[in-house]
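In what follows, a single structure is set out as structure tokens and then discussed.
Predicted model, so just to flag it, every value in this text is computed and none were measured. Atoms within each ligand, like the ligands themselves, are counted from 1 in listed order.
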Amino acid sequence: MVPVDCSYQVTVMCGIIGFTGDGKALEVLLKGLRRLEYRGYDSSGLALLTADGIRVVKRVGSVENLEREASSLRDVKSSVGIAHTRWATHGGVSDRNAHPHTSCDGRVAIVHNGIIENFEELRAELEERGHVFSSETDSEVIAHLLEEELRRRPDDPRGALTSVVRRLKGSFAFIAISTWTSDAILGARYNSPLVVGMGKGFSIPASDVLSFLEWTDDAIFLENESCAIVRPGSVESWLITGEDLDLKVAKVAIEVSEVEKRGYVHHTLKEIHDQRVTVQRTLTQDLGPLEEAAKLLRGASRVFLVAAGTSYHAALVGRHVLAELADVDAQPVLASEYALASRWVNGDSVVVAISQSGETADVLEAVRDAKSKGAKVIGVVNMPGSSLERLSDVHINIRAGPEIGVAATKSFTSQVIALVRLACAVSGREVTLDAEELGRCVEEVLEQEPQIAEIAKDLKDSKDIYLVGRGVHFPIALEGALKVKELAYVHAEGLPAGELKHGTLALIEKGTPVIVLNPSDETYVDTLSNCQELKARGATVIGISDRHHPSYDFFVRVPRTSSKFASVLLEVIPLQLLAYYMALERGAEIDRPRNLAKSVTVK
Ligand code: F6R
């Protein structure tokens, strides 16, 4: 028996995929795992239902490791299976803790995303009844509970599944196969995403539409707090409370080619380059009911912009955008720090929730809280069908296309453009950005890639890098710092240029690299004097501006544009490229930085 220790393995932010259909389970699962790799993971595994029972393979490390291991199953005929990429938060990572997990008799296998908060209590209870656990995960309890229930009522999988799900506390999405349920995959979701790809004679339940795009673009997004039995080409679903659900098949408007690297070495580099197209797309195409969203904002007594990470930096830019273009006072709130803001949220408030994935747990929790207080929610989302999209009263799709690199790049520029369009809808004015000009300017910035790659060589061994800007350029300094940290693993700090003298200047010595965002707008003169203070202390200054100045040791020119918010979009691109090339120089794993996951589905 494996003792439960306090460093138990909590399984979070994982990828889930299953297949039930016509004998090609292994192929679909392995391809699906490849597609899920972008989310970040430390181990992977799969289980197939065969004539001789359930066969499981799982391995720490890359999906390639698992593929090698799974070659023993190549000749096994199987039409039903489940698979998983795992990303753990606590304790070590081991084959034993990788998913799938099986029940004692091996007749049930499950894969799970989320946290079972009451697992210790459930595990103690199951052990008392003689169950033997083989991992330290919270997830394994699901396999043992299902085994008990299915053994008790093998002809009633719906009853068995409902009764198990009602015992679980936490947030979860799981799918399960069993020797009692032949071609059926049992699944459930509670505050964690689960969608089913639907094809002729097959179904693919998964945590993410990108994992099954090459097989089908028809999808059923399962309701939150629901259970499902997925059979080849059909799904039955009901709320945990027991009420039957009417399911609708939606078309996923993403081409498989959009998730390929298309000749680029890394998704991240491709996505930086994609911006020449995505900025124009977000600027010109239908993003959804902007007018309806604008009406909500016009009537709001308080507006909150809730987001995490890069999306929070877009919210910080959004604050300027809404103030300057629509005279709306919006308060940016970090989703993980929303608790304080919550006391001011009421029925007259509007929460604008910004999230690329639409699955960030802290954002969703804030949204649920806001809704419970009667506030209206505008979701600004990239992934179609996401939980945020479904929870929002009105949602705006930023149309950046799938973002596979863990570091957000093109979603940031599209978020900012969507906020500019929203602000213009509020004030009833023409959108202040010109699509053609913006596309041309992005191109001009990208043309400086070789020169930026050279600067990256000089900066790659820096211990610390500082980035400064004033006003709306300060959030870009924060975003640039985040890119350098997560891609190149170099410490970087973004700060308002005017704050330097209040402390951080003490850290500047000969050769300390400082990136100065200094476009020729109302911030120019003051930022330039900060730049000279930096020079006087020996800093190596990298100027990013439409205007050269002799105090810059390195200079990246961003074109002058007719709109201040366009220059904001343009100055982030050299920072994305700089972080990318620093990472390349340092040999970092660019598309999947260590310890990070694309979608942070737990708090
Ligand atoms: C940084 C990054 C993260 C995300 C954050 C929020 O490059 O990707 O900081 O921005 O996890 O994710 P979304 O936007 O999906 O809510």
Side-chain angles (χ1 to χ4, degrees), residues 12-13 38-40 87 89 191-193 207-210 266-269 271-272 275 305-318 332-338 351-367 377 379-389 391-392 395-416 418-419 475-476 478-490 492 494 572-573 575-580 582-583 588-603:
V12 296
M13 298 186 285
Y38 81 99
R39 298 167 67 106
W87 194 105
T89 47
N191 292 348
S192 206
S207 49
D208 183 321
V209 291
L210 303 184
H266 295 106
H267 285 287
T268 307
L269 186 61
E271 286 156 10
I272 295 172
Q275 290 174 110
L305 301 167
V306 177
T310 290
S311 300
Y312 176 68
H313 299 152
L316 292 175
V317 176
V333 180
L334 269 173
S336 56
E337 294 292 330
Y338 166 84
V351 166
V352 181
I354 307 166
S355 172
Q356 187 285 129
S357 61
E359 302 296 348
T360 299
D362 289 322
V363 174
L364 297 179
E365 185 170 287
V367 162
V377 174
V380 178
V381 206
N382 192 38
M383 273 307 276
S386 65
S387 301
L388 176 57
E389 181 179 306
L391 275 173
S392 304
H395 73 266
I396 291 166
N397 187 329
I398 64 168
R399 302 184 69 108
E403 192 174 67
I404 307 297
V406 163
T409 52
K410 62 178 178 172
S411 62
F412 175 77
T413 41
S414 286
Q415 284 166 339
V416 171
L419 291 169
I476 305 301
L478 291 177
E479 177 56 10
L482 183 58
K483 292 295 90 105
V484 170
K485 283 186 279 195
E486 65 183 333
L487 286 173
Y489 310 153
V490 169
V572 80
I573 297 172
L575 300 179
Q576 295 167 345
L577 284 170
L578 188 69
Y580 172 82
M582 283 175 67
E589 211 187 320
I590 294 177
D591 284 337
R592 292 192 301 271
R594 66 185 179 206
N595 308 336
L596 301 180
K598 182 68 182 159
S599 170
V600 182
T601 55
V602 290
K603 289 174 64 180

Atom 11 (O) of ligand 1: nearest protein contact (heavy atom, Å): Val600 CG2, 4.1 Å
Distance from atom 12 (O) of ligand 1 to nearest protein heavy atom, with residue and atom: Thr360 OG1, 3.5 Å
Glu271 side-chain N/O to Ile404 backbone N/O, donor-acceptor pair under 3.5 Å: yes
Close-contact set for ligand 1 against Val406 heavy atoms, below 4.0 Å: 8 (O)
Atom 6 (C) of ligand 1 - nearest protein heavy atom and its distance: Ala308 O, 3.3 Å
Protein contact of atom 15 (O) of ligand 1 - nearest heavy atom, named by residue and atom, plus distance: Ser357 OG, 2.6 Å
Heavy-atom pair with the smallest gap, counting every atom of Ala400 and Ser411: CB-CA, 4.1 Å
Student check: side-chain heavy atoms of Leu388 and His395 closer than 4.5 Å: no
Protein heavy-atom partner closest to atom 2 (C) of ligand 1 - residue, atom, separation in Å: Thr310 OG1, 3.8 Å
Atom indices of ligand 1 within 4.0 angstrom of Glu486 heavy atoms, with elements: 1 (C), 7 (O)
Those residues that, when tested against Ser311, pass side-chain contact (heavy atoms from CB on, under 4.5 Å) (two or more places apart): Ala307, Ile354, Gln415
Minimum side-chain heavy-atom gap Val317-Leu419 below 4.5 Å: no
Ala408-ligand 1 polar pair, N/O distance under 3.5 Å: yes
Gln415, any N or O under 3.5 Å of ligand 1 N or O: no
Validation row: Glu365, Asn191 side chains within 4.5 angstrom (heavy atoms): no
Ligand 1 contact by Lys483, heavy-atom criterion under 4.0 angstrom: yes
Identified side-chain contact (heavy atoms from CB on, under 4.5 Å) counterpart of His313 within the set Val572, Val416, Leu482: Leu482
Numbering as shown, the atoms of ligand 1 that approach Ser311 to under 4.0 Å (heavy-atom distance): 10 (O), 13 (P), 14 (O)
Ligand 1 contact by Val363, heavy-atom criterion under 4.0 angstrom: no
Distance-only donor-acceptor check, side chains Gln576 and Thr409, under 3.5 Å: no
